[in-house]
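All remarks here apply to the structure that follows.
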Amino acid sequence: MSDNLVPFWEKSYQEYDTITFSNKPNSTIAEFEHLIGNPSKVLDVGCGEGQNAIYLAKQGHHVDAFDLSEHAIAKLKHICELSNVQVNAFVADLTTYQFEQCYDMITCFGTLHFVTKNGWKRFINNAKEYTNIGGIHIIQIFTDTVPASKDIAPFAIGLAKDEEVKELYADWEILQFKSYVFEDEHPNVPKHLHASNKIVARKVK
């Protein structure tokens, strides 16, 4: 990632009256959350402003959430203070992150493609090791089925091949896998397309 380029989300993370992506949890989390106990230990990777982390914390789970962006974590903590929600939010780089405990759920949406392919594959393999038996991963990553949109192209250095992420979970129970293209837009960014894979997998042994 060039030092001279700043992604659009860094600006909107600093604007506390702006929603960068969404203030609602990803629908897949709500769909599969019932598979883990309550409370459970959850890790939200690349949490951004924390819509998923905050939702899960409100459901009673113990949530750790990290992001590379200091502005994102500051905004998440601010939202938590206003909402009286407890999330252990901190700045970290997923390529150097060291697991200290096992989790029942690990989520990561729209983040892995911003590191090298070797980097995100290494992270997933580490995350699998630090997942409790019966625990689930919900992972979404952009693919190269369509070219990266102009707003992320300089940063999307690890786009996956279609179904490439699925191969990493061959030894887990795959509960859902989707390959799709969707239209997206953000504050001050025109509508554009992303190709994506989303997988929900459960550790069975």
Side-chain angles (χ1 to χ4, degrees), residues 6-112 114 123-124 126-127 130-141 175-176 182 184-189 196 198-203:
V6 178
F8 71 87
W9 53 86
E10 280 295 332
K11 180 177 185 296
S12 56
Y13 283 160
Q14 299 175 64
E15 300 170 349
Y16 284 17
D17 59 347
T18 299
I19 299 172
T20 305
F21 297 106
S22 176
N23 59 359
K24 297 180 180 179
N26 188 280
S27 60
T28 308
I29 289 180
E31 182 179 356
F32 288 95
E33 180 208 346
H34 69 280
L35 296 179
I36 59 174
N38 195 328
S40 284
K41 293 181 179 179
V42 178
L43 178 65
D44 187 12
V45 180
C47 60
E49 298 162 300
Q51 67 267 29
N52 296 316
I54 290 171
Y55 167 79
L56 288 163
K58 285 182 176 179
Q59 307 313 303
H61 300 293
H62 303 296
V63 181
D64 292 338
F66 73 80
D67 199 284
L68 185 63
S69 169
E70 294 181 2
H71 297 305
I73 295 303
K75 190 172 185 178
L76 170 52
K77 290 181 176 180
H78 174 73
I79 296 171
C80 286
E81 288 178 2
L82 293 179
S83 306
N84 194 28
V85 175
Q86 298 295 317
V87 172
N88 177 33
F90 53 96
V91 176
D93 183 338
L94 71 86
T95 64
T96 57
Y97 180 72
Q98 298 292 317
F99 282 88
E100 297 180 352
Q101 62 177 311
C102 289
Y103 291 92
D104 302 298
M105 175 187 281
I106 297 178
T107 67
C108 185
F109 292 90
T111 297
L112 294 177
F114 293 127
F123 176 80
I124 286 179
N126 288 339
Y130 284 88
T131 303
N132 291 320
I133 300 297
I136 65 173
H137 284 191
I138 304 177
I139 306 293
Q140 184 244 344
I141 185 171
L175 303 175
Q176 182 184 93
F182 68 98
D184 202 8
E185 63 179 325
H186 314 292
N188 303 313
V189 177
S196 179
K198 183 186 291 183
I199 189 167
V200 183
R202 178 162 49 192
K203 186 173 184 175

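As the structure is a prediction and not an experimental result, all values here were calculated from the model. Residue indices begin at 1 and follow the sequence shown.
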d(Phe90 CZ, Tyr97 OH) to nearest 0.5 Å is 4.0 Å
For this session: Verify side-chain contact (heavy atoms from CB on, under 4.5 Å) between His62 and Ser40, making sure each step is shown before the conclusion.
Result: CA-CA 6 Å; His62 303 296; Ser40 284; over 6 Å; no
- [ ] Report yes if the side chains of Thr111 and Phe109 come closer than 4.5 Å at any heavy-atom pair, otherwise no.
- [x] no
So, Tyr55 and Glu33: side-chain donor and acceptor under 3.5 Å apart, yes or no?
yes
**Message:** Could you check whether His137 and Thr131, counting side-chain N and O atoms only, form a donor-acceptor pair closer than 3.5 Å?
**Reply:** yes
Are His61 and Ile36 close enough that some pair of their side-chain heavy atoms sits under 4.5 Å apart? yes
Can you list, pair by pair, the side-chain donor-acceptor contacts under 3.5 Å of residues 80-87, counting residues two or more places apart and other chains?
from: Ser83; atom 1: OG; to: Ile79; atom 2: O; distance (Å): 3.0

The side-chain hydrogen bond (donor to acceptor under 3.5 Å, both in side chains) partners of Asn126 (sequence neighbours excluded) come to none
Distance col, row Glu31:CD vs Ile138:CD1, nearest 0.5 angstrom, shows 8.5 Å
Here the gap from Glu70 atom CD to Gln14 atom CD, rounded to the nearest 0.5 Å, amounts to 10.5 Å
Subject >> Under 3.5 Å donor-acceptor, Gln176 side chain and Val200 backbone >> reply: no
Scan side-chain atoms only and decide if Thr28 and Asn26 contain a donor-acceptor pair under the 3.5 Å cut-off.
yes
How are the rings of Phe66 and Phe123 set relative to one another: parallel (under 30°), tilted (30 to 60°) or perpendicular (over 60°)? perpendicular
Those residues at least two apart in sequence (or on a different chain) that pass side chain to side chain contact (heavy atoms under 4.5 Å, CB included) with Gln101 are Lys41, Asp64, Tyr103
Which of Leu56, Ile136, Ile106 passes side-chain contact (heavy atoms from CB on, under 4.5 Å) with Val42? It is Leu56
Donor-acceptor contact present, side-chain Asp67 to main-chain Gly48, <3.5 Å: yes
If we count only N and O atoms by modelled type, under 3.5 Å, do the side chains of Asn52 and Thr107 hold a donor and an acceptor together? no
CD (Gln51) and CG (Leu76) are apart, to the nearest 0.5 Å, by 9.5 Å
CG (Leu112) and CZ (Phe114) are apart, to the nearest 0.5 Å, by 10.0 Å
